[in-house]
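Side-chain atoms are counted along with the backbone in the values below, which use heavy atoms only and exclude waters and symmetry mates. In the text below, chain A, chain B and the rest are named by the order of the sequence lines, each starting its count at 1.
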2 protein chains.
Amino acid sequence: MTSSTQENPLELFSEFLAEHGLRMTPQRRLILEVFLEHGGHLAAEELYDCVRQLDPSVGQATVYRTVKLLAESGLAKAVRFDEGVTRYEPKHGREHHDHLICVRCRRTEEILDERIEKLQEELARKLGFVLTGHKMDLYGICSKCRRKEQEKD
Amino acid sequence: MTSSTQENPLELFSEFLAEHGLRMTPQRRLILEVFLEHGGHLAAEELYDCVRQLDPSVGQATVYRTVKLLAESGLAKAVRFDEGVTRYEPKHGREHHDHLICVRCRRTEEILDERIEKLQEELARKLGFVLTGHKMDLYGICSKCRRKEQEKD
DNA sequence: CTGGTTGCAAATCGTTTGCAGCGCT
DNA sequence: AGCGCTGCAAACGATTTGCAACCAG
């Protein structure tokens, strides 16, 4: 149970920082905690708002810089939906997944389909590419929002 | 051959404008022409550069505004890769497709796999969503770039 | 004429960066 | 002491908006 993939994120982040000649600080610790606790797809700006409530002295530049480090360390993953902002989701110990987003209420489901993943590989290989990653976002209207719209009619 | 889906884009755009109480202008005509002729995934800024070469009096705000109208009219489709800019591709009369992007040289292939499309529908339906659209970008290294990298070793 | 359209410049949004001071190690 | 870290504010790139002059219907 002490295998490296199950170490806690804080330690992993500290290790990453140390390996790169960087340091763990109270701000970074706090930002990481808030980020992990929230869980969802947080924009840097939103993360900043959350962090500020716990410690108003933290600057937004620090949040932006830290969230980038989290992405580099592999603890966070940057995701971009059809808006103009970069969001981050916790990645440590989590399986790869894609997203199903409700265009009305913005609720987001995580999805995964092995058959699709296989077909993606196959498709890329046929065109001479070696896949390094992919993103797939499905947009639709969730059942709750459809119900709401029917009530209006 | 005069069916509405095969009308030429200029007419379609004029119709769209008229239906919305808007007007066709020389600037809009020029921007549409340049956009269609280029064909690729053009950012508004790049489109502005092209247009400016033909008519330096056109302002960039006009280009940004027009490209948005094109997207609303259905003649263009906004695509966002992993950069920070919105690109537009001609959509009129074109089949839906996804993208396979080389992370080294940024070359982009258009791809389509019916099996994947079907699975996407199925996946969404299972979760109670009605799909309105999707985006799938595959990232990889193309054969040309792989060859280049091997030469360096 | 009227109301949409234009170019310009200023404003905005999300994000990055320069810098002087601070705090680990 | 040295080097990374911080908050601040200014800078940034992409995009949007306010406005007065302009022009299409």
Side-chain angles (χ1 to χ4, degrees), chain A residues 10 13-32 34-35 41-73 76-88 106, chain B residues 10-11 13-35 41-73 76 78-88:
Chain A
L10 190 69
F13 192 37
S14 297
E15 267 175 46
F16 170 85
L17 291 171
E19 281 166 15
H20 293 256
L22 306 175
R23 301 173 189 158
M24 176 53 78
T25 65
Q27 290 91 332
R28 287 180 178 163
R29 201 187 327 270
L30 175 61
I31 292 165
L32 173 56
V34 173
F35 172 66
H41 309 97
L42 223 44
E45 198 84 34
E46 295 165 352
L47 182 53
Y48 171 50
D49 284 339
C50 294
V51 168
R52 199 160 33 160
Q53 286 172 20
L54 298 175
D55 181 351
S57 74
V58 176
Q60 77 170 166
T62 302
V63 175
Y64 273 93
R65 287 189 273 237
T66 301
V67 94
K68 279 204 131 186
L69 286 174
L70 287 175
E72 283 169 37
S73 77
K77 183 176 190 316
V79 299
R80 241 180 251 261
F81 299 137
D82 53 358
E83 331 146 281
V85 284
T86 304
R87 298 181 169 280
Y88 295 86
R106 287 279 142 186
Chain B
L10 190 69
E11 272 175 50
F13 192 37
S14 298
E15 266 175 47
F16 169 85
L17 292 172
E19 281 166 16
H20 293 256
L22 308 175
R23 300 173 188 159
M24 176 53 78
T25 65
Q27 290 91 331
R28 287 180 176 162
R29 202 185 328 269
L30 175 61
I31 292 166
L32 173 57
E33 279 165 12
V34 172
F35 172 67
H41 309 99
L42 220 47
E45 197 83 34
E46 295 165 353
L47 182 55
Y48 172 52
D49 285 340
C50 296
V51 168
R52 200 160 33 159
Q53 286 172 21
L54 298 175
D55 181 350
S57 74
V58 176
Q60 77 171 165
T62 302
V63 176
Y64 273 92
R65 287 189 273 235
T66 302
V67 93
K68 278 203 132 189
L69 286 174
L70 288 174
E72 282 169 39
S73 77
V79 299
R80 242 180 250 262
F81 299 137
D82 53 358
E83 331 145 283
V85 284
T86 303
R87 298 181 169 280
Y88 295 86

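The salt bridge (charged side-chain N to carboxylate O under 4.0 Å, His left out) contacts involving residues 49-61 of chain B comprise B:D49-B:R52, where partners must be two or more places apart or lie in separate chains. Contacts classified as side chain to side chain donor-acceptor pair (under 3.5 Å) and involving residues 60-71 of chain B (residues at least two apart or in different chains) are given here: B:E45-B:Q60, B:E45-B:Y64.
Here chain A contacts DNA chain C (any atom closer than 4.0 Å to a heavy atom, that is under 4.0 Å), and the contacts span C:dG14 to C:dC24 from 5' to 3'.
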Show me, pair by pair, the donor-acceptor contacts under 3.5 angstrom made by side chains of residues 14-33 of chain B, not counting sequence neighbours?
| residue | atom | partner | partner atom | Å |
| --- | --- | --- | --- | --- |
| B:S14 | OG | B:L10 | O | 3.0 |
| B:T25 | OG1 | B:R28 | N | 3.2 |
| B:R28 | NH1 | B:R23 | O | 2.6 |

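A distance of 8.5 Å separates CG in A:L70 from CG in A:L47, rounded to the nearest 0.5 Å.
In terms of position on DNA chain D, the residue among A:Y48 and B:A43 whose nearest nucleotide sits closer to the 5' end is A:Y48.
Remark: B:S57, B:V58, B:G59, B:A61, B:T62, B:R65 in residues 57-67 of chain B come within less than 4.0 Å of DNA chain C through at least one heavy atom. Only B:G21, B:L22, B:R23, B:T25, B:Q27, B:R28, listed by number, bring a heavy atom of residues 17-29 of chain B to less than 4.0 angstrom from any atom of DNA chain C.
Per the geometry, CZ belonging to B:R87 stands 15 Å off C1' belonging to D:dT15, to the nearest Å. Protein atom CG of B:D49 is 11 Å distant from nucleotide atom P of D:dA14, rounded to whole Å.
Taking side-chain N and O atoms only, B:K68 has no distance below 4.0 Å to OP1 or OP2 of D:dT15.
Taking the side chain to side chain contact (heavy atoms under 4.5 Å, CB included) definition, one finds that B:A71 meets it with B:Y88, sequence neighbours left out. Checked against side-chain hydrogen bond (donor to acceptor under 3.5 Å, both in side chains), A:E72 has no partners two or more places apart in sequence or in another chain. Scored by the side-chain hydrogen bond (donor to acceptor under 3.5 Å, both in side chains) test, B:E83 finds B:R87 as partners (sequence neighbours excluded).
Considering every non-hydrogen atom in both B:A44 and B:V63, the closest pair reads O-CG1, 3.7 Å. Across B:A78 and B:T86, no two heavy atoms sit closer than the pair CB-CG2, 3.9 Å.
Here the side chain of A:E46 pairs a donor or acceptor atom with the backbone of A:A43 at under 3.5 angstrom.
Side-chain contact check for B:R80 versus A:F81: every heavy-atom pair is 4.5 Å or farther apart. In this structure the side chain of B:F13 reaches within 4.5 angstrom of the side chain of B:L69, judged on heavy atoms.
Comparing the axis of the opening five pairs of the helix from C:dC1-D:dG25 to C:dT25-D:dA1 with that of the closing five pairs yields an angle of 20°, rounded to 10°.
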